[in-house]
Chemist: 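There's a structure below that I have some questions on.
For reference, positions follow the sequence shown, starting with 1.
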Amino acid sequence: MTQEFLTTVFGWMTVLNLALLVFTTLMIVVSQDWAAKIHGRMFQIEPGDAKRAYFRYLANYKILTIVFCLMPWLALKLA
């Protein structure tokens, strides 16, 4: 594998993961109350706890995307 190939792969991984993060964030913002009620019934949790879980999910996904997609891409671009 060449450096150019790895740079392209990590670049597209970053784009796809950020697109998924934005889409998920928009869906949670738009349908937060509805989704919290459904997940609350499915998993026997309070809607407030479901909303906190959504925030935790988004935060963890963002951190993982930065660490495993964006940072390797930047390192390869700078090398």
Side-chain angles (χ1 to χ4, degrees):
M1 282 192 229
T2 64
Q3 182 177 348
E4 294 83 23
F5 175 74
L6 286 174
T7 303
T8 303
V9 168
F10 279 109
W12 280 110
M13 279 175 43
T14 303
V15 168
L16 292 173
N17 278 297
L18 288 176
L20 182 63
L21 180 64
V22 168
F23 174 74
T24 306
T25 302
L26 289 175
M27 293 305 294
I28 288 175
V29 167
V30 169
S31 63
Q32 186 176 27
D33 293 329
W34 175 76
K37 281 189 257 179
I38 288 179
H39 289 135
R41 278 187 265 142
M42 284 174 58
F43 301 112
Q44 286 81 37
I45 59 174
E46 295 296 320
D49 292 336
K51 291 178 183 181
R52 280 189 287 284
Y54 298 153
F55 180 77
R56 213 173 311 122
Y57 159 75
L58 291 172
N60 288 335
Y61 195 84
K62 180 175 61 174
I63 290 168
L64 290 172
T65 299
I66 290 170
V67 170
F68 291 110
C69 298
L70 183 62
M71 287 300 131
W73 178 77
L74 282 174
L76 287 167
K77 285 300 258 188
L78 295 175

Chemist: Who else is in the cluster with Val22 when I, L, V, M, F, W and Y are joined by side-chain contacts under 4.5 Å?
Modeler: Leu26
Chemist: If two hydrophobic side chains count as joined below 4.5 Å and joins carry through other members, does Val9 share a cluster with Met71?
Modeler: yes
Chemist: Test: salt bridge (Lys or Arg N to Asp or Glu O under 4.0 Å). Region: residues 58-79. Which pairs qualify, not counting sequence neighbours?
Modeler: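 As it turns out, there is no salt bridge (Lys or Arg N to Asp or Glu O under 4.0 Å) pair with a partner in residues 58-79 once direct neighbours are skipped.
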Chemist: Provide the closest heavy-atom pair for Thr7 versus Trp73 in the form atom of the first, atom of the second, distance.
Modeler: O-CD1, 3.2 Å
Chemist: Quick one: salt bridge (Lys or Arg N to Asp or Glu O under 4.0 Å) pairs with a partner in residues 28-49, sequence neighbours left out?
Modeler: Asp33-Lys51, Asp49-Arg52
Chemist: Sequence neighbours excluded, which residues qualify as side chain to side chain donor-acceptor pair (under 3.5 Å) partners of Tyr61?
Modeler: Asn17
Chemist: Please name the pair of heavy atoms, one in Ala36 and one in Pro47, separated by the smallest distance, quoted to 0.1 Å.
Modeler: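 Heavy-atom minimum between the residues: CB-O, 3.8 Å.
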Chemist: Could you give all pairs that pass the salt bridge (Lys or Arg N to Asp or Glu O under 4.0 Å) test and reach residues 1-30, with sequence neighbours left out?
Modeler: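 As it turns out, there is no salt bridge (Lys or Arg N to Asp or Glu O under 4.0 Å) pair with a partner in residues 1-30 once direct neighbours are skipped.
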Chemist: How many angstroms lie between atom CG of Leu20 and atom OG1 of Thr24, to the nearest 0.5 angstrom?
Modeler: 4.0 Å
Chemist: If you measure from CG on Leu74 to CG on Leu70, what distance do you get to the nearest 0.5 Å?
Modeler: 4.5 Å
Chemist: Quick check for you: to the nearest 0.5 Å, what is the distance between Ile66 atom CD1 and Leu21 atom CG?
Modeler: 8.5 Å
Chemist: Which residues pass the side chain to side chain contact (heavy atoms under 4.5 Å, CB included) test with Gln44, not counting sequence neighbours?
Modeler: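 In terms of side chain to side chain contact (heavy atoms under 4.5 Å, CB included), with neighbours along the sequence ignored, Gln44 is linked to no residue.
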Chemist: Scan residues 4-23 for pairs that pass ring pair (Phe, Tyr, Trp, His ring centres under 6.0 Å), counting only residues two or more places apart or in two chains.
Modeler: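 Listed once each, the pairs would be none.
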Chemist: Mind checking the CE-CZ spacing from Met13 to Phe68? Nearest 0.5 Å is all I need.
Modeler: 9.5 Å
Chemist: Roughly how far, to the nearest 0.5 Å, is CE of Met27 from CH2 of Trp34?
Modeler: 8.0 Å
Chemist: Just how far is it from atom SG of Cys69 to atom CG of Leu18, taken to the nearest 0.5 Å?
Modeler: 8.0 Å
